[in-house]
> 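Got a structure here, written out as structure tokens. Questions coming.
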Protein chains: 2
Amino acid sequence: MDIQRKDVHNSETPVLCRACESRHRGVCGALTPDQLLQLSRHSTRRAVESGTELVGESLKTTSYSNIISGVVKLSKMMADGRQQIVGLQFAPDFLGRPFRSENGVSAEAATEVKVCSFPKAAIERMISEMPELEHKLFEQTLAELDEARDWMLTLGRKTAGEKVASFLLLIATHAFPDNESDSVTFDLPMSRTDIADFLGLTMETVSRQLTKLRKDDVIHILNNRHVSVPDLSRLSERAGS
Amino acid sequence: MDIQRKDVHNSETPVLCRACESRHRGVCGALTPDQLLQLSRHSTRRAVESGTELVGESLKTTSYSNIISGVVKLSKMMADGRQQIVGLQFAPDFLGRPFRSENGVSAEAATEVKVCSFPKAAIERMISEMPELEHKLFEQTLAELDEARDWMLTLGRKTAGEKVASFLLLIATHAFPDNESDSVTFDLPMSRTDIADFLGLTMETVSRQLTKLRKDDVIHILNNRHVSVPDLSRLSERAGS
DNA sequence: TGCCCGATTTGACGCGTATCAAAGACATCG
DNA sequence: CGATGTCTTTGATACGCGTCAAATCGGGCA
């Protein structure tokens with residue numbers, strides 16, 4: 001089972017509502033059936049391949065999207081090319097921030113991504129008419145802020161080994177939000193270079209730390225992407241706390 | 001002129017409204033005179049000294065505050081004591097997040113801080129009655145998220161020298177949001193240890209980098225706290241971008 | 001199947017920052 | 001005004017991670 005598959009719903013209806021209504025961070029739980037219908041008239045569903053830039057300067061300013069499946073990375077870059085991934089978004093997160101033109105974050109598909117997009121004007125009208133909807137977006141933003149701050153602790157204070165373990169734990173958690181057992185299997189949604197850019201490390205250091213976790217039998221890796229964690233608590237220990 | 005003084009308004013009226021109504025990130029611009037009056041009946045204004053914990057487990061859950069003056073640091077700590085400051089809040093920021101009990105961030109006065117507090121119940125009632133107010137809080141949260149992500153780039157990808165320059169720039173900017181000239185003078189709102197915890201460095205490294213900036217005449221420091229920057233653009237170069 | 005090319009791993013080495021320790025500055029209080 | 005304690009600076013050394021380079025892996029395609 002891979003991450004993408006995990007977050008796909010089996011409905012084929014190309015409307016925003018069906019894609020996300022039952023998910024906690026989705027934006028549509030706040031809408032009435034009528035409103036969903038209205039919104040879905042303007043929405044378009046599409047799949048983009050890994051590496052596609054979803055938000056640079058262009059797309060974001062004209063539309064918003066719900067992530068149906070896949071993983072999107074948000075990143076910042078310095079003038080000299082140094083890059084930092086500042087967040088990962090999983091289905092059913094909302095992509096594109098209201099009331100902002102742009103602040104220098106670019107969004108790129110980390111895996112193959114399916115999104116349901118609709119025009120900026122449509123969602124902004126609905127927001128102004130429906131406090132409920134704004135509340136939903138507010139909740140997601142608060143959750144993102146929490147995640148950003150958690151990650152600041154990781155970036156600023158953890159060792160390379162702890163960072164890599166934290167990353168694996170993050171992916172395991174998001175891929176299986178309600179996993180109860182102590183073991184998990186999943187696919188890494190991104191390359192070693194991306195992981196390094198997320199952790200503030202180099203590719204080589206990420207690789208070495210993964211090797212160390214493998215040698216210590218904390219994880220198993222197949223084909224560079226399939227990861228299985230036999231005991232989550234041992235991984236958690238490695239992550240610091 | 002020091003940072004605290006800068007953000008104090010000259011009104012002595014102990015109501016929330018007077019303290020923040022004209023500031024961009026204040027929460028009260030959205031309220032009508034009647035509502036301000038109503039709210040100010042429940043509000044209490046107080047000053048706390050540097051080092052006081054404003055939000056650990058206790059205070060935050062029962063009240064919200066507007067920062068009238070001073071600087072508040074938000075931090076996270078690992079089990080073994082490693083600490084990371086995940087944000088600084090200046091007047092007229094709002095302290096205490098709606099719809100959340102707590103997520104492990106503690107808030108501590110970095111300088112002497114004046115706050116205007118009011119009961120959780122009062123603000124939550126007003127929020128539910130006034131979309132405007134929620135919108136205002138949403139805007140602040142979005143701004144905090146931007147700042148958090150900017151700082152993630154600093155933590156993950158900048159060198160010690162760039163980090164320290166970025167910090168000075170941050171303080172200069174927040175102390176004088178609309179400074180036009182190329183030179184500024186301000187007081188550091190916190191100790192070297194705090195700065196280190198904000199930058200993901202050690203105290204010693206912060207000290208060495210400050211010394212280097214001083215030797216290169218990018219900044220001047222008096223009494224370990226008074227900083228003057230003759231040319232902001234030179235400091236900005238040191239910060240990376 | 002075998003070749004090719006990008007991604008990943010592994011190795012050797014250097015640098016930047018942490019660590020440990022001591023000296024110096026500054027504020028408080030007798 | 002000098003003693004005391006805390007914060008800051010400075011110095012010497014160690015080590016983790018970055019850098020550069022080469023080897024190996026894995027997937028795509030003929």
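Keep in mind that what you see is a predicted model, and the values were worked out from it rather than measured.
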> Test B/F90 against every option in B/V71, B/T173, B/V72 by the side-chain contact (heavy atoms from CB on, under 4.5 Å) rule and name the one that passes.
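When side-chain contact (heavy atoms from CB on, under 4.5 Å) is applied between B/F90 and each of B/V71, B/T173, B/V72, only B/V71 qualifies.
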> Just so I know, are the side chains of B/E162 and B/R157 near enough to count as touching, which here means a heavy-atom distance under 4.5 Å?
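With C-beta onward as the side chain, the pair stays apart.
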> What's the CD1-P distance between B/I221 and D/dT8, to the nearest Å?
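That distance rounds to 11 Å.
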> Flag the pair B/V164 / B/L213 as yes when at least one side-chain heavy-atom distance between them is below 4.5 Å, and no otherwise.
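The answer is yes, as the side chains (C-beta and beyond) meet within the 4.5 Å cut-off.
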> Atom CZ of A/R225 to atom P of D/dC25: distance rounded to whole Å?
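My rounded result for the distance is 19 Å.
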> Which pairs, protein N/O on one side and nucleotides 10-19 of chain D N/O on the other, fall under 3.5 Å?
unit_1 : atom_1 : unit_2 : atom_2 : d
D/dT10 : OP2    : B/T211 : OG1    : 2.8
D/dG11 : N7     : B/R208 : NH1    : 2.9
D/dG11 : O6     : B/R208 : NH2    : 3.3
D/dC17 : OP1    : A/A160 : N      : 2.9
D/dG18 : OP2    : A/T202 : N      : 3.3
D/dG18 : OP2    : A/T202 : OG1    : 3.1
D/dG18 : OP2    : A/T205 : OG1    : 2.4
D/dT19 : O4     : A/R208 : NH2    : 2.9

> For atom CE of A/M77, is the number of surrounding heavy atoms from other residues, nucleotides or ligands below 6.0 Å larger than 12?
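Count not over threshold, so no.
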> When the distance from CG of B/L210 to P of C/dG24 is rounded to whole Å, what number comes out?
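Rounding to the nearest Å, CG of B/L210 and P of C/dG24 are 21 Å apart.
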> Can you tell me how far P of D/dT9 sits from CG of B/L222, to the nearest Å?
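Value for this atom pair: 13 Å.
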> State whether B/R149 and B/E144 are salt-bridged, where the test is any N-O pair (Lys NZ or Arg NE/NH1/NH2 against Asp/Glu carboxylate O) under 4.0 Å.
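Salt bridge flag = no for B/E144 with B/R149.
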> What integer distance in Å separates B/L199:CG from C/dG16:P?
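Going from B/L199 (CG) to C/dG16 (P), I get 18 Å.
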> May I have the distance from B/N223 (atom CG) to C/dA25 (atom P), rounded to whole angstrom?
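For the pair B/N223 CG and C/dA25 P, the rounded distance is 13 Å.
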> How far does the helix from C/dT1-D/dA30 to C/dG30-D/dC1 bend, going by the axes of its first and last five pairs, to the nearest 10°?
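Axis-to-axis angle, ends of the helix: 30°.
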> Specify the closest pair of heavy atoms between A/A47 and A/E112, including all atoms of both residues, with the distance to one decimal.
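Reported closest heavy-atom pair: CB-OE2, 4.4 Å.
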> Quick check, are the ring centers of B/F186 and B/F176 under 6.0 angstrom apart?
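Not under 6.0 Å, so no.
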> Taking all heavy atoms of B/A91 and all of B/I68, pick out the closest pair and write down the distance.
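Heavy atoms of B/A91 and B/I68 come nearest at CB-O, 3.2 Å.
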> I need the CE-C1' distance between B/M190 and D/dC7, as an integer number of Å.
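Rounding to the nearest Å, CE of B/M190 and C1' of D/dC7 are 15 Å apart.
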